[in-house]
Participant: 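Got a structure for you, questions after.
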Amino acid sequence: MIARVIVDISNSETDKIFDYEIPSNLDVRKGSRVIVPFGTQRLEGFCIDITPTSDVPALKSVEGVLDEFVCISEEMLSLMRYMKDRFYVRYVDSLRLFIPSKLRGGRIKELTRLYLTLNPSFTYEEIVDSIPERAKSRLALVERLKDGGEYLSVIAGEFSASAINALVSKGLLIKTSEQVERKPMKSVTGVEDRYILRECQKKALEKIFSAEQTATLLHGVTGSGKTLVYMSAIKKVLDEGKTAIMLVPEISLTPQMLRNFRGYFGDSVAMLHSGLSDGERFDEWKRLLKGEARIVVGARSAIFAPVKNLGLIIIDEEHDASYISESNPRYRTVDVALFRADYNNAKVVLGSATPSIESYLSAKRGDYALAEMNERISDKGMPDIDVVNMSSELLMGNTGMFSAKLEESIKRTVEKGEQVMIFLNRRGHSSFVMCRKCGYIAKCTDCDVSLTYHSVDSMLKCHYCGKRFKMLSCCPDCGSINIKYGKLGTQRVVEEVERLIPGVKVLRMDNETTMTKSSYLEILGAFASKEAQVLVGTQMIAKGHDFPDVTLVGILDADMSLYHQDYRSNERTFQLVTQVAGRAGRSNKGGKVILQTYSPNHYVYRFASKYDYEGFFEKENNVRMTTNFPPYTTIIRVLMTSENEDKVIDCAKTLYRHLREYAEKNSSEFLYIQAMRSPLGRIQNKYRYQIIARIKRQKEREIIAEFYGTIEKNKFRQVSVFAELNPQNMA
């Protein structure tokens, strides 16, 4: 028999299927990881198929099988092929998504510990009688193990090695090896609650399972009880003997979701996300593979969980950009979810208070079913949003970051013993550092981006490659000491709150303060237990969190995302404002939101302040239709990167020439095609060029296939080429 193998090298030139003969003494199965000779090397690979014959003469043989279990299922092999066709993802890159990264290279295994027990072949009395009375230590050890075994490492700390070895050598004690499960977030436990569904929740649940469509868009305002609908839907599929995947957009939301799910479903819940240790991730993945856990909760990568007999996939906050992978391998989580659902005859639930324009249009057209929940569970309703014109504040002489109204509201809220959340979509102290005299801006040496100043350690940091530089004492170009800081960051907001209310306890939540895996739990736990009165943060605090004592939310610099050079900027601003506002007034205390802007009359704020999603959708959908932007067209971006700029330019010219010829022959389907240097022309010392095309939807599949085929035929050494559909970030 012949094994068809993808070797584990992430390189376009080797991303092919190679045939190897299977020796009679090896149990090679479809989906196994194997060791194969490749050139002068011995490499790991994935067996993606087994056939009786091969057209290749003089085949080499598979040299070994790496695991006792099959780690890639038939379903995931089908998904691999789909991702190749849909997203131009290399075979090996998709296969790597399906397994824990440290399983490759044998860098992670099951954790085992030695366990010591009394030999069950003897009674306790028989064991005691066989030990001399003077051997007090041995008798004490037997007494210690009378009621059950214990880990050898624990016993070794209490008794001498000679006592242990003497009893083991006589066969009175037995050493066994036991697997130890590395359970993530052991401290996150839930209390079983008996939930009662409201009428609107019952209707939403019924809609999910009665709809003819695979996917249902659950459009529910913040605080409407979507989580309870999720749990009820999962319970239904579990009762049918099936499994479920529950996705959340931010790792920071996982502990809260996990607490609810562990209380409701117990140990059948597993976690998968990048914040786990290698051992924890492997053990959780293995529990899912073996069927010991039937629910997986996690961020984007959990969509590839190895669950069998899948019945339901839930994508909470489906509009969130984090569900789209912007680095290799690039993919859209919703597309993967729909593929897995179709493969398993399962259901997909897309939940959000602010659905993406694409999803809501799909629901309007009938491609998705639509379930709506328009009221909060609490009796207070949605918090009022007060839009403050910061231009007027400036005219009145207020040059600070807080409006007079927000300052007063923060003070009053803290005095009442209630809590405040302040949102700013930026981290660090300032977004850039500039010389006032000559205009010099400090930039990263490896990336075409400005450095961000962090005052805690007085460093300049690159948020793209992580490089750190000393803070400037003077301008390196002109020598001036007149250095200006750019726009404010979360750190400066914390300093301002502490100046405003001396002695107030403020917590900060952004990428800088959540670098360890326990950071999320510690910060959110401290705020939930009211150890702090104010929480300042970036998008991490914008959605999903439920703090009953938060009665005030401040939104600073709301315009930052509004005037971003992206056709989604209005949509993203509306979503951010609505989601952040939803953190206030989630209990019967009610709440208030103060939104600071220099564009108070913009239609985004007009609709957001009334929580009028339907009105915003109609306006934004009309704009997209008129201007021919997605979802009415598709944008294809081909990104080329290399450390050699000449090579990447040659690649861009060659690909553009072929694609341009194709576009001219099919001019009625193309609205735009152009090659250019990327806005961020260099990241991590790699030059970046791109080809962007906007096409009509009628022949989308055919055109995408042509683009991918052209890339395949025109490969350049030392140049990496990636493709994206409707990219989230054109930079």
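Remember, predicted model here, so these are calculated numbers, not experimental data.
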Participant: Centroid separation under 6.0 Å, is that true for the rings of Phe527 and Phe547?
Facilitator: yes

Participant: With a 4.5 Å cut-off on side-chain heavy atoms, are Arg4 and Ile50 touching?
Facilitator: no

Participant: What are the two closest heavy atoms between Asp85 and Ile704, and how far apart are they?
Facilitator: O-CG2, 4.5 Å

Participant: Measure from NZ or CZ of Arg697 to the centre of the six-membered ring of Tyr632, then state whether that distance is under 6.0 Å and the direction lies within 45° of the axis.
Facilitator: no

Participant: Side chain of Ser587, backbone of Pro548: donor and acceptor closer than 3.5 Å?
Facilitator: yes

Participant: Indicate yes or no: at least one non-hydrogen side-chain atom of Arg376 is less than 4.5 angstrom from one of Pro383.
Facilitator: yes

Participant: Quick one: does Val348's side chain get under 4.5 Å of Leu338's, heavy atoms only?
Facilitator: yes

Participant: Relative to the ring of Phe98, is the ring of Phe304 parallel (under 30°), tilted (30 to 60°) or perpendicular (over 60°)?
Facilitator: tilted

Participant: Is the NZ or CZ atom of Lys84 both under 6.0 Å from the centre of the six-membered ring of Tyr91 and within 45° of that ring's axis?
Facilitator: yes

Participant: Would you please classify the geometry between the Tyr82 ring and the Phe87 ring as parallel, tilted or perpendicular, with 30° and 60° separating the classes?
Facilitator: perpendicular

Participant: Do Thr354 and His219 come close enough that some side-chain heavy atom pair is under 4.5 Å?
Facilitator: no

Participant: Looking at side-chain heavy atoms only, is the closest gap between Thr514 and Met540 below 4.5 Å?
Facilitator: yes

Participant: On the six-membered ring of Phe209, is Lys236 placed so that its NZ or CZ lies under 6.0 angstrom from the centre and within 45° of the ring axis?
Facilitator: yes

Participant: Measure up the Tyr613 and Phe617 rings against each other and bin them: parallel (under 30°), tilted (30 to 60°), perpendicular (over 60°).
Facilitator: parallel

Participant: Specify the closest pair of heavy atoms between Tyr323 and Leu247, including all atoms of both residues, with the distance to one decimal.
Facilitator: OH-O, 3.3 Å

Participant: Val237 versus Thr243: any side-chain heavy-atom pair under 4.5 Å?
Facilitator: no

